[in-house]
Protein chains: 2
Amino acid sequence: MSDETFYQQLARFILNHRKISGLSQLQLAELAGVGKTVIYDLEHAKPSVQLDTVVKVLHALNIKIQLHSPIEGFDDV
Amino acid sequence: MSDETFYQQLARFILNHRKISGLSQLQLAELAGVGKTVIYDLEHAKPSVQLDTVVKVLHALNIKIQLHSPIEGFDDV
DNA sequence: CTATAATTACTGTTTAAGCAGTAATTATAT
DNA sequence: ATATAATTACTGCTTAAACAGTAATTATAG
């Protein structure tokens, strides 16, 4: 059980997958079509990054986002 | 199978859960600690909303976000 | 070791997101 | 039906995020 924030989890996730993919921050930025500063910001757990930017970066790394409803059987609705 | 964007899915998700919770846009905004305009924007699939704002709103509705790695067994690392 | 290349970290400027205020719409009551 | 309340939709202003450029750091080579 961890007390790290979602942003810290996201930061680690992106950093790890970027490294595994053998990409530099700049390469990932270009691949995702965003500025390189944002990659740095994301990997440093900056909370105030725009959703579409995050989505682009995650898409470039082939990471999927999923929402989980508190209501039974609502996730796919 | 759906061709709706992630933003449209998110929009529906938030709208549905807000309605089920019996909250107005304003009430949800206050509960989440964000401006009411953002609730409107989110429910209209605006992509350029800040991540922390989305996270606050989802948290207020008790919706969980999960990341899925393309690499086996990497999700919890 | 020093030099060079590559990558990451930082900064100032421009642009657009978030907010409060207001208008429009919808619901509820009488 | 009209009036009132409640909710949603829209707008302009202020502030901060995204970007390009630059500095600092780290890696690689000779």
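Atoms considered below: every heavy atom in the structure, side chains included; atoms not considered: hydrogens, waters and symmetry mates. Just so it is clear: chains get the letters A, B, ... in the order the sequence lines come, proteins before strands, and each one is counted from 1.
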Q: Distance check needed: dT8(C) C1' versus L15(A) CG, whole Å only.
A: 11 Å
Q: Can you label the angle between the H17(B) ring and the F13(B) ring as parallel, tilted or perpendicular, going by 30° and 60°?
A: parallel
Q: Y40(B) OH to dT8(D) P: how many Å, rounded?
A: 12 Å
Q: Taking the nucleotide of DNA chain D with the nearest heavy atom to each, does D52(B) or H44(B) sit closer to the 5' end?
A: H44(B)
Q: Rounded off to whole Å, could you give me the CG-to-C1' distance for the D41(A) and dA16(D) pair?
A: 12 Å
Q: Rounded to the Å, how far apart are Y7(B) OH and dA17(C) P?
A: 12 Å
Q: For residues 24-31 of chain A, which residues have at least one heavy atom under 4.0 Å from DNA chain C?
A: S24(A), Q25(A)
Q: With hydrogens left out and only the distance checked, is there a donor-acceptor pair under 3.5 Å joining T37(A)'s side chain and the base of dA20(D)?
A: yes
Q: Has K36(B) got a side-chain N or O lying under 4.0 Å from the OP1 or OP2 atom of dT11(D)?
A: no
Q: Go through dA9(C), dA17(C), dC10(D) for me and flag the one nearest to the Q50(A) side chain.
A: dA17(C)
Q: In this structure, how many angstroms lie between the P atom of dA6(D) and the NZ atom of K19(B), rounded?
A: 15 Å
Q: Tell me: NZ of K46(B) to P of dA16(C), nearest whole Å?
A: 11 Å
Q: Would R18(A) and E43(A) count as a side-chain contact (heavy atoms from CB on, under 4.5 Å) here? Give the steps.
A: CA-CA 10 Å; R18(A) 177 172 68 79; E43(A) 293 186 355; 2.6 Å; yes
Q: Look up atom CG in L58(A) and atom OG in S69(B), then write down how far apart they are to the nearest 0.5 Å.
A: 11.0 Å
Q: Count I, L, V, M, F, W, Y as connected when their side-chain heavy atoms are under 4.5 Å apart, and connections chain through other members. Are V54(B) and Y40(B) then in the same cluster?
A: no
Q: Is the phosphate of dT8(D), meaning OP1 or OP2, less than 4.0 Å from a side-chain N or O of R18(B)?
A: yes
Q: Remember a base hit wins even if backbone is also touched, and classify E43(A) as base, sugar-phosphate or nothing at under 4.0 Å, heavy atoms.
A: nothing
Q: With rounding to the nearest 0.5 Å, note down the distance linking CG in D52(A) to NZ in K56(A).
A: 5.0 Å
Q: For the pair K36(B) and E30(B), evaluate salt bridge (charged side-chain N to carboxylate O under 4.0 Å, His left out) and give the outcome as yes or no after the intermediate values.
A: CA-CA 8 Å; K36(B) 61 190 158 57; E30(B) 287 170 347; over 6 Å; no
Q: For H44(A) and D41(A): C-alpha separation, side-chain torsions, deciding distance, then whether side-chain contact (heavy atoms from CB on, under 4.5 Å) applies.
A: CA-CA 5 Å; H44(A) 286 74; D41(A) 289 342; 6.0 Å; no
Q: Between dA17(D), dT8(D), dA20(C), which one does the side chain of S48(A) approach most closely?
A: dA17(D)
Q: Once you round it to whole Å, what is the distance between C1' of dC19(C) and NZ of K56(B)?
A: 12 Å
